[in-house]
Amino acid sequence: MREGRGGSESKVTIVGAGPCGCFLAYLLEKNGIEVKVIEKKGIPWLPLKCAGLVSDRIKEIIKIPEEIILSECNVAILRFPGNREVVIKGKEKAFVIDRIKFDKFLFEVAEGEGAKFFLREDFKTFKLRNNCVAIFTGKRRINSKVLVGADGTLSKVRRNLNLKIRYVEGFQARVKMKHKLNEVELWFDKGIADFFSWIVPESENVSRAGVLCSRNSKLSLRKFLKKIKAKDIIDYQFGYIPSYFSKKMSGERIILVGDAASQAKASTGGGIVTGLLGSKIGSKCIVNAFEENCFSSKFFRENYDEAYYKEIGKELKRAYFLSRALREFNNSDLLSLRKLISNEGIQKIIRESGDMELYGKWLKPIFLELSFLKTSLIFILRHPTLLGLIHLLL
Ligand SMILES: Cc1cc2nc3c(=O)[nH]c(=O)nc-3n(C[C@H](O)[C@H](O)[C@H](O)COP(=O)(O)OP(=O)(O)OC[C@H]3O[C@@H](n4cnc5c(N)ncnc54)[C@H](O)[C@@H]3O)c2cc1C
């Protein structure tokens with residue numbers, strides 16, 4: 001959908017037609033609020049930049065067609081240095097989704113509901129006016145009541161709001177290799193990546209093998225592919241992933257959602273479920289803003305930032321502390337960790353209450369388990385970041 005080069009008006013303008021921008025556009029249009037979406041790419045869902053692993057909680061947020069789900073995983077194999085491993089079989093299921101189909105699906109439902117997309121158009125900047133926000137792209141100016149930054153980790157909207165972001169590098173390859181469809185592998189080995197590496201099966205013959213690290217992800221991925229003897233590479237995907245939870249995600253007439261709001265889990269780099277939750281809470285807030293005709297920064301802080309924090313903020317903070325601890329560990333710490341989580345009592349807690357999204361549900365009982373505390377006290381005291389995490393759990 002195109003318009004002339006001059007200025008135009010809209011109730012809400014969203015920058016970024018990724019999953020979070022499209023989901024928000026869909027929810028707002030469904031509530032009768034007209035939306036324009038600015039997207040710099042010609043085809044928003046390409047190229048793929050994701051391992052596609054999501055918790056089953058996604059189904060509580062959005063109904064997705066079955067053909068988007070490639071497989072269901074109920075086994076996580078945690079691999080440690082020296083070929084040691086811990087196998088976790090939980091009650092929880094995780095899905096591997098076809099991310100290209102998923103993003104395309106969200107784009108189509110938003111467009112079907114009436115959202116107008118301006119593709120191959122780069123958002124440049126915005127200026128607050130008396131009763132609107134003027135949005136400047138490479139091709140036009142749009143006067144809008146509300147601006148949403150859904151423009152990913154390197155968000156320009158966020159930068160224009162003077163909010164900083166911390167991020168890490170995610171680099172993966174799709175490789176031809178045989179792998180069980182219900183198993184994901186997480187590798188913790190500082191000789192490969194300073195954070196972790198993964199193998200997520202896409203089909204029985206193709207897997208997504210990737211690394212998450214602060215820098216030098218190209219080198220880390222090369223080491224990882226060598227380690228798992230992956231030779232037949234189909235293609236590569238690279239992207240930046242937020243690594244810190246920030247409480248501020250709005251301003252006067254403006255909100256951020258998804259990676260732009262740093263709504264990803266720092267511990268895993270997963271940002272789909274938590275970002276879509278941001279779109280859901282953001283849509284309620286924007287609908288209320290129009291009903292009350294109030295677009296102040298105070299209104300958005302109270303109805304968006306604080307509402308989001310109440311829903312999932314503590315979990316994202318826990319994930320951040322966990323990620324910091326994991327990054328601080330050396331290989332000998334990782335081996336001590338392996339020993340701790342191999343304990344039958346701990347395994348039982350993980351089996352029964354393990355949850356990809358809600359760490360509090362299983363981390364708290366683990367820290368309270370007497371045998372864990374006895375054996376891990378020195379380990380915990382050696383890593384003050386863990387004390388921060390425990391403080392958040394209690
Ligand atoms: C290698 C890798 C693996 C990952 N694996 C997982 C996983 O297994 N599970 C999971 O949950 N998450 C994963 N993630 C994270 C996940 O991909 C993101 O959290 C998710 O894409 C965030 O969606 P979004 O809509 O916020 O942003 P994005 O998907 O980044 O979309 C932002 C959109 O904004 C557009 N845009 C940017 N700037 C402008 C501009 N100036 N003007 C106009 N348009 C603009 C972009 O072109 C893009 O289309 C992974 C990420 C990487 C890099």
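Just follow the structure's listing: the first ligand is 1, and inside any ligand the first atom is 1.
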Same cluster (ILVMFWY, side-chain, under 4.5 Å), I43 and F105: yes
Under-4.0 Å heavy-atom contact with ligand 1, by part of P19 that carries it: both
Residue part near ligand 1, for I241, under 4.0 Å between non-hydrogen atoms: side chain
Test side-chain contact (heavy atoms from CB on, under 4.5 Å) applied to V157 and I254, V148, I255, the passing residue: I254
Residues R158 and S246: side-chain donor-acceptor under 3.5 angstrom: yes
F329-F188 aromatic ring centre distance below 6.0 Å: no
Min heavy-atom dist G52 to ligand 1 below 4.0 Å: yes
Numbering as shown, the atoms of ligand 1 that approach R99 to under 4.0 Å (heavy-atom distance): 16 (C), 17 (O), 20 (C), 21 (O), 29 (O)
Proximal atoms of ligand 1 relative to C20 (non-hydrogen, under 4.0 Å): 23 (O), 24 (P), 25 (O), 26 (O)
contact_flag A150 ligand 1 heavy-atom lt 4.0 Å: yes
For ligand 1, the portion of V15 having any non-hydrogen atom under 4.0 Å away: side chain
Shortest protein contact, atom 9 (N) of ligand 1 (heavy atom only): L53 O, 2.9 Å
Separation between CG of L106 and CH2 of W45, rounded to the nearest 0.5 Å: 11.0 Å
Residue E121 vicinity, atoms of ligand 1 by number, heavy atom under 4.0 Å: 42 (N), 43 (C)
